[in-house]
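Read through the structure below, which is laid out as structure tokens, and then see the notes.
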Amino acid sequence: MKKTARAHTNIALIKYWGKKDPKLRLPLMSSLSMTLDKFYTDTSIEAAEENSFYLNNEKQTSNASKRVFSYLEMLKKKYDITDNFTVSSINHVPTAAGLASSSSAFAALASAFCAYYNINVDKKELSRLARMGSGSASRSIYGGFAIWQKGDDNSSFAYSLDEKPKMDLHLLAIELNKNQKSISSTKGMELAQTSSFFETWIQKNDSELNEMIQAIKDEDFTKLGSLAELNASEMHAVNLSAQPPFTYFEPDTIKAIKLVENMRTQGIECYYTIDAGPNVKVLCQLRNVKDIKQRFESSFNNVTIIDASFGPGVSYLD
Ligand code: 2P0
């Protein structure tokens, strides 16, 4: 009897960008995210004769399945399990959204595995296990706002700041560019650590995280948005000053940044955040969603925009 878990994607407002231990996926900083309602992954697991991995109902090559099964090997070893598996994942992340899905993917996989073997873990331990699949997955165990704390292997897990926030906050996922990113997050983080600004990026983490927590407690959208924008810009500045330098920005990324800045000067309050790719996410309040969508649609050809808000934590489907 298979077990299926659902986990939603999250977007960091205070970002994880640098590893203390790549193998254990221990971060050099704490991060804070918003779990999204519109994007999620359903993953089912069942013992089988041999390992196979299906993504969106298509059987994946052993090369494409490597990361999934080396992660499962780690879990099997930990819990003294010898089975092989059929793993099947459906990504409800519209390909158009341009959102990375490793956060929802590994949160769903860790959850399905523990459910299948009736492994009794609390959410913090589940988050710790998800972290070892992909750092950002630690935060997708929870809905609303979650914080993933830095620390050592035992203490680095995420916890909930507010599972069901009442704050008026929308995230518009703007897809400008459909191309696959050329530099993986893992590689990008490695390179970023060669920047002479990296030390400053790490030093600012505590104060930016605390300010963001306060902004959320105060439901202060202006503070939240401007701080998220600053934090994202700092992350991308570190990339530009790495040796060798690199950037995820494409010309349309800069155009979108300018559009956000422009709207702001015209009284449409919105802020951007950008992850390890060229697409932009715009933070805004409900009253401005329509206007902002229209502005993007008239400035870009073939742009896809998805209006997301707070999503829930992990759930089980069977
Ligand atoms: C984040 N990102 O906090 C940051 C901001 C991208 C930019 O976490 O290497 O796929 O698997 O631990 O979680 C994307 O990196 O990295 C990410 P790994 P992950 O959301």
Side-chain angles (χ1 to χ4, degrees), residues 7-36 39 41 66-68 70-71 74 91 93 97-110 127-142 145-151 153 156-158 161 171 173 180-193 195 198 201-202 204-205 208-209 212 227-240 242 246-249 253 272-281 283 308 311:
H8 287 244
T9 298
N10 72 74
I11 294 294
L13 304 179
I14 297 292
K15 300 201 186 281
Y16 150 55
W17 198 246
K19 292 184 174 89
K20 182 167 91 174
D21 184 329
K23 215 167 159 226
L24 291 171
R25 287 191 156 78
L26 287 177
L28 282 163
M29 69 291 289
S30 300
S31 53
L32 185 154
S33 61
M34 169 185 184
T35 299
L36 301 178
F39 313 107
T41 302
K66 240 194 201 142
R67 187 163 167 187
V68 166
S70 62
Y71 176 63
M74 186 276 293
N91 263 339
V93 179
L99 283 174
S101 52
S102 74
S103 63
S104 53
F106 283 93
L109 183 57
S127 166
R128 203 179 74 81
L129 295 176
R131 181 202 86 208
M132 292 186 240
S134 187
S136 54
S138 64
R139 302 182 306 238
S140 274
I141 300 301
Y142 306 92
F145 290 115
I147 295 174
W148 171 22
Q149 61 191 10
K150 63 185 175 193
D153 187 22
S156 188
F157 47 75
L161 180 63
L171 182 145
Q180 283 274 359
K181 67 182 171 196
S182 50
I183 300 172
S184 69
S185 297
T186 303
K187 182 74 192 159
M189 288 188 213
E190 234 176 79
L191 284 173
Q193 288 181 231
S195 164
F198 192 77
W201 161 244
I202 302 298
K204 289 193 74 181
N205 175 248
E208 288 187 0
L209 178 72
M212 185 60 84
L227 193 53
E229 191 176 285
L230 175 68
N231 183 268
S233 304
E234 287 167 346
M235 175 193 129
H236 290 280
V238 163
N239 298 343
L240 281 166
F246 70 102
T247 185
Y248 291 105
F249 290 7
T253 315
Y272 59 84
T273 182
I274 304 166
D275 293 292
N279 293 309
V280 170
K281 291 110 195 172
L283 297 162

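What's counted below: heavy atoms across the whole structure, side chains too, no hydrogens, waters or symmetry copies. Atoms within a ligand are numbered from 1 in the order they appear, just like the ligands themselves. As the structure is a computational prediction, the values presented were derived from the model and not from experiment.
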Between Asp153 and Lys20, is the closest basic N to carboxylate O distance under 4.0 Å?
no
Hey, does Ser134 come in under 3.5 Å of ligand 1, counting only N/O atoms on both sides? yes
In short, Leu24 meets Met132 closest at the heavy-atom pair O-CG, 3.9 Å
Worksheet item: Between Thr35 (side chain) and Gly311 (backbone), is there a donor-acceptor pair under 3.5 Å?
Response: no
Atoms of ligand 1 under 4.0 Å from any heavy atom of Lys15, numbered from 1 in the order shown, are 3 (O), 5 (C)
Honestly, for Ser102 the part within reach of ligand 1 (heavy atoms, under 4.0 Å) is side chain
Partner of His236 under ring-ring contact (aromatic ring centres under 6.0 Å, His included), picked from Phe249, Phe246, Tyr272, is Phe249
Applying ring-ring contact (aromatic ring centres under 6.0 Å, His included) to Phe157 and not counting sequence neighbours gives none
Is the closest side-chain donor-acceptor distance between Thr41 and Ser104 under 3.5 Å? yes
Note: ligand 1 atoms sitting under 4.0 Å from heavy atoms of Thr186 are 9 (O)
Within the 4.0 Å heavy-atom cut-off, what Ser185 brings close to ligand 1 is side chain
If you measure every N/O of Trp17 against every N/O of ligand 1, is any gap under 3.5 Å?
-> no
(request) Could you tell me whether some N/O pair between Lys19 and ligand 1 is separated by less than 3.5 angstrom? (result) yes
| Are any non-hydrogen side-chain atoms of Leu283 and Leu13 less than 4.5 angstrom apart? | yes
- Query: Looking only at N/O atoms, are Arg139 and ligand 1 under 3.5 Å apart anywhere?
  - Reply: yes
>> With a 4.5 Å cut-off on side-chain heavy atoms, are Met189 and Tyr16 touching?
In response: yes
Is there a polar contact, in the sense of an N or O pair closer than 3.5 Å, between Gly135 and ligand 1?
yes
Self-check item: Met29 to ligand 1, any heavy atom closer than 4.0 Å
Solution: no
Between Lys15 and Ile274 the two heavy atoms that sit nearest each other are CE-O, 3.4 Å
Identify all side-chain donor-acceptor contacts of residues 25-32 below 3.5 Å with residues at least two apart in sequence or on another chain.
residue : atom : partner : partner atom : Å
Ser30   : OG   : Lys150  : N            : 3.0
Ser31   : OG   : Arg139  : NH1          : 2.8

Ligand 1 atoms nearer than 4.0 angstrom to some heavy atom of Met189 are 15 (O), 16 (O)
Honestly, for Arg67 the part within reach of ligand 1 (heavy atoms, under 4.0 Å) is side chain
The atoms of ligand 1 lying under 4.0 Å from a heavy atom of Ala12, numbered in the order shown, are 1 (C), 3 (O), 20 (O)
Using distance alone, determine whether Arg25 and ligand 1 share an N or O pair under 3.5 Å. yes
Quick note on ligand 1: atoms under 4.0 Å from a heavy atom of Asp275 include exactly 5 (C), 7 (C)
